[in-house]
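Note that this is a predicted model, so its numbers are computed, not measured. Just so you know, ligand 1 is whichever comes first in the structure, and atom 1 is the first atom listed for that ligand.
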Amino acid sequence: MTTPLLTLQGVSKRFTLHHQNAAQLHVLDQVDLDLHPGECLVLDGPSGMGKSTLLKLVYANYRASSGTIGLRQDDGSTLDITQATPRELVAMRRDRVGYVSQFLRVIPRVSALDVVAEPLLGEGTPSPGRVEAARQEAGAWLTRLRIPERLWSLPPATFSGGEQQRINIARSLIQPRPLLLLDEPTASLDKANTRTVIELIHEAVARGAALMGIFHDPEVGAAVATRRIEIAQFRSAP
Ligand SMILES: Nc1ncnc2c1ncn2[C@@H]1O[C@H](COP(=O)(O)OP(=O)(O)OP(=O)(O)O)[C@@H](O)[C@H]1O
């Protein structure tokens, strides 16, 4: 077995509900989990059990109440995401971890093509050649995800839910990062685009990425999973 890319040890998450006299909501308790390159781990479990919360902890949208989340770096060292500085998190999201949620965070006045190309531009001011190459690549992704060319120059704010979701997928996958977190990436998609996303997931697994995802469509989950876990096992009594 390969060395894990991601290692969760004793990870717990409680929310403090400030509108309810600071009551504590215990969502995840003592999560121990390894994720290896070339795996697609599907999170199963009823609604509200903490599947999205687990992905958000790994992406550092939420801070763990306890435990460590280790992400192996290229030099063999480990970044503990729970302790990472803002600068380390920016670099982590740029280079190492992609996150596809159901919703696109729209950037005002930026065209769909540039929204998708942007992760390829890196830091600083890119050369015109680099911008052109990134746009070419973005166009290939938009074509593959069946976004009509007439939409490429428009900002995605007014796109349909399924179109926005495909822009989000292209933007999140265009840069081949080692870890991908997928929160219902096919929720608004038709059959043809769902099949394309399944192919993209298979390609990411084949290149050695590690994936962790939530799929409410059981057929999609079955098509992509190399391993599954039931998230309810990490629930504790409040
Ligand atoms: N920011 C937050 N503040 C307070 N409670 C939260 C917050 N985020 C999530 N929760 C609560 O944590 C619990 C788990 O939510 P989560 O979204 O992780 O569930 P899920 O398993 O992904 O559900 P679904 O399958 O319905 O998407 C829910 O009870 C939810 O209300």
Short N or O distance, G48 and ligand 1, threshold 3.5 Å exclusive: yes
Side chain proximity check, W141 to I147, heavy atoms < 4.5 angstrom: no
Heavy atom of the protein closest to atom 17 (O) of ligand 1 (residue, atom name, distance): S52 CB, 3.6 Å
Any I214 side-chain heavy atom under 4.5 Å of S52 side chain: yes
Any H216 heavy atom less than 4.0 Å to ligand 1: yes
Q233 atom CD, neighbour heavy-atom count above 12 within 6.0 Å: yes
Closest protein heavy atom to atom 25 (O) of ligand 1, given as residue, atom name and distance to 0.1 Å: K51 NZ, 2.8 Å
Nearest-neighbour protein heavy atom for atom 12 (O) of ligand 1, which is reported as residue plus atom name and distance: V27 CG2, 3.3 Å
Salt-bridge present (K51, D183; N to O < 4.0 Å): no
D75, CG atom: more than 12 neighbouring heavy atoms under 6.0 Å: yes
Side chains of L33 and L41 in contact at under 4.5 Å (non-hydrogen atoms): yes
Close approach, G45 and ligand 1, non-hydrogen under 4.0 angstrom: no
Ligand 1 contact on K56 by region, counting heavy-atom pairs under 4.0 Å: neither
L25, portion touching ligand 1 at heavy-atom distance under 4.0 Å: side chain
Test of proximity, F15 against ligand 1: N or O pairs below 3.5 Å: no
Other residues, nucleotides, ligands: >12 heavy atoms within 6.0 Å of R63 CZ: no
Student check: side-chain heavy atoms of L5 and R96 closer than 4.5 Å: yes
Atom 1 (N) of ligand 1: any protein heavy atom closer than 4.0 Å: yes
G50-ligand 1 polar pair, N/O distance under 3.5 Å: yes
Heavy-atom protein contact below 4.0 Å for atom 6 (C) of ligand 1: yes
Note, I201 side chain near V220 side chain (heavy atom, < 4.5 Å): no
Ligand 1 contact on T53 by region, counting heavy-atom pairs under 4.0 Å: both
Between R146 and T196, a side-chain donor and acceptor under 3.5 Å: yes
Numbering as shown, the atoms of ligand 1 that approach Y62 to under 4.0 Å (heavy-atom distance): 1 (N), 2 (C), 7 (C), 8 (N)
Shortest protein contact, atom 26 (O) of ligand 1 (heavy atom only): S47 OG, 2.5 Å
